[in-house]
**Student:** 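Got a structure for you, written out below as structure tokens; questions coming shortly.
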2 protein chains.
Amino acid sequence: MFSKSCEYSIRAVLYIYKNTQDGNKISIEKVAGAIGTPRHFTGKLLQVLAKQKIISSVKGPNGGFYIAPNAPEIRLSRVVEAIDGPEIFKACALGLKECSEDHPCPLHQQYKGIREQIKNMMEDQTVQQLGKKLGEEKVFVKNENYPE
Amino acid sequence: MFSKSCEYSIRAVLYIYKNTQDGNKISIEKVAGAIGTPRHFTGKLLQVLAKQKIISSVKGPNGGFYIAPNAPEIRLSRVVEAIDGPEIFKACALGLKECSEDHPCPLHQQYKGIREQIKNMMEDQTVQQLGKKLGEEKVFVKNENYPE
DNA sequence: AATAATAAGTATAATTATATCCTTTTATCT
DNA sequence: AGATAAAAGGATATAATTATACTTATTATT
Ligand code: FES
Ligand code: FES
């Protein structure tokens, strides 16, 4: 579905949200440890998310990444587009260069609705909504029996 | 969504179906040319599909690949599972090792329905159904303005 | 038996994922 | 103020995976 980069990014952003609403900042080290993703690769992803202003970062001691409590809602689609690119939401199911009504692949009619749902899901859900669940409901952003 | 291997495979199988119902066989060369996929890579894919008995092949002059007119319906899911593996239909949206109700990711509730639809689509559609469309309706298995 | 057509098997290239290393920024301690 | 250390930023290197090309082995036809 999405690339690993993208999956990792979403998980990281949710975790960062949940753990920085009290004004704290959190380091790459801790994020990667908490969600179970490779340290350096995670760092790189957070770097591009910060550059795109999806998350905030501050260098130096006591620095780290965070999402300001008063930050506007961040749609998941924004993360996906930053990492995998926006074309992913209009790609053809069978890999044709373009998906179009004029030159459809045999799966086009059935697939386009599903793809739309995926897009809607990512546009509807925000980091803030899902991030809150992370604390309240039983949802997880790291694998089962993974050491905290 | 699916890997390139998988996309190519489905396109190839549909093309082979459409062009071998008259008892003909068709070569890798022609398949790859007609659907616009790399020659050798396509060959390899057809090889595993043949080994899995999803399509038939015969060597030597006048040989090639084909799907027998009396062959039972081939669900697209079978092709997907042969190439990308069956796990793809139960994978977690955020890349957790397992998707489960007990240890769900934050997107689980919303995603599982969509994933189910994808699975159903691939299980419902058969090579025969879609292959017929290839001749009758305006659907394509190669890119626009690609030389035949 | 020779040949030519073709599938099958092996090697290379490109991409993606991951790790290492060095630089820059900045808070804190002396 | 200067030294130090903690953190992100950035460039570059390696590994794994995926995609593609090349070579060899089969086999129907003559
Ligand atoms: S053309 Fe394939 S999904 Fe639209
Ligand atoms: S756990 Fe992520 S989709 Fe089910």
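Predicted, not measured: the structure shown is a model, and the values here were computed from it. Residue numbering restarts at 1 for every chain, and letters A, B, ... go by the order of the sequence lines.
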**Student:** Taking salt bridge (Lys or Arg N to Asp or Glu O under 4.0 Å) as the cut-off, I'd like each qualifying pair that reaches into residues 16-42 of chain A, sequence neighbours left out, listed once.
**Tutor:** A:E29-A:R39

**Student:** To the nearest Å, give me how far apart CD (A:E7) and P (C:dT16) are.
**Tutor:** 15 Å

**Student:** Give a yes/no on whether any side-chain N or O of B:S27 is located under 4.0 angstrom from OP1 or OP2 of C:dA7.
**Tutor:** no

**Student:** Pick base, sugar-phosphate or nothing for A:I28, based on heavy-atom distances below 4.0 Å to the nucleic acid.
**Tutor:** sugar-phosphate

**Student:** Let me know, please, whether A:G63 or A:K51 comes out on the 5' side of the other along DNA chain D by nearest nucleotide.
**Tutor:** A:G63

**Student:** Heavy-atom count check: over 12 atoms from other residues, nucleotides or ligands less than 6.0 Å from B:E98 CD?
**Tutor:** no

**Student:** Can you tell me how far P of C:dT16 sits from CD1 of A:I83, to the nearest Å?
**Tutor:** 14 Å

**Student:** Distance check: side-chain N/O of A:S5 vs OP1/OP2 of C:dA17, anything under 4.0 Å?
**Tutor:** yes

**Student:** If every non-hydrogen atom of A:I16 is compared with every non-hydrogen atom of A:Y66, which pair is closest and at what distance?
**Tutor:** CG2-CA, 3.7 Å

**Student:** Test A:K112 against A:Q109 for side-chain hydrogen bond (donor to acceptor under 3.5 Å, both in side chains), laying out the working first.
**Tutor:** CA-CA 6 Å; A:K112 67 178 180 185; A:Q109 290 307 325; 3.3 Å; yes

**Student:** Applying a 4.0 Å non-hydrogen cut-off, can you work out what B:L45 is touching in the nucleic acid: base, sugar-phosphate, or nothing?
**Tutor:** nothing

**Student:** Separation of A:N24 atom CG from C:dA27 atom P, in whole Å?
**Tutor:** 16 Å

**Student:** Measure from CD1 on B:I88 to P on D:dT18 and round the result to the nearest Å.
**Tutor:** 11 Å

**Student:** What's A:G43 touching, base or sugar-phosphate or nothing? Going by heavy atoms closer than 4.0 Å.
**Tutor:** nothing

**Student:** Would you kindly give the CG-to-C1' distance between B:L49 and C:dA8, to the nearest whole Å?
**Tutor:** 14 Å

**Student:** Just by protein heavy atoms under 4.0 Å, how would nucleotides 20-30 of chain D read 5' to 3' in B, S and -?
**Tutor:** BBB---BBBS-

**Student:** Specify the separation, in whole Å, of atom NZ of A:K25 and atom C1' of D:dA7.
**Tutor:** 11 Å

**Student:** Rounded to whole angstrom units, what separation is found between the CD atom of B:Q52 and the P atom of C:dA7?
**Tutor:** 18 Å

**Student:** Taking all non-hydrogen atoms of both residues, which atom of B:V13 and which atom of B:I55 are closest, and how far apart?
**Tutor:** CG2-CG2, 4.2 Å

**Student:** When you look at A:T37 and A:R11, which way does the side-chain contact (heavy atoms from CB on, under 4.5 Å) test go after all the steps?
**Tutor:** CA-CA 9 Å; A:T37 55; A:R11 280 156 61 187; 4.1 Å; yes

**Student:** Same cluster or not: A:V80 versus B:M1, using hydrophobic residues (I, L, V, M, F, W, Y) connected whenever any side-chain heavy atoms lie under 4.5 Å apart?
**Tutor:** yes

**Student:** Distance check needed: C:dA5 P versus B:F65 CZ, whole Å only.
**Tutor:** 17 Å

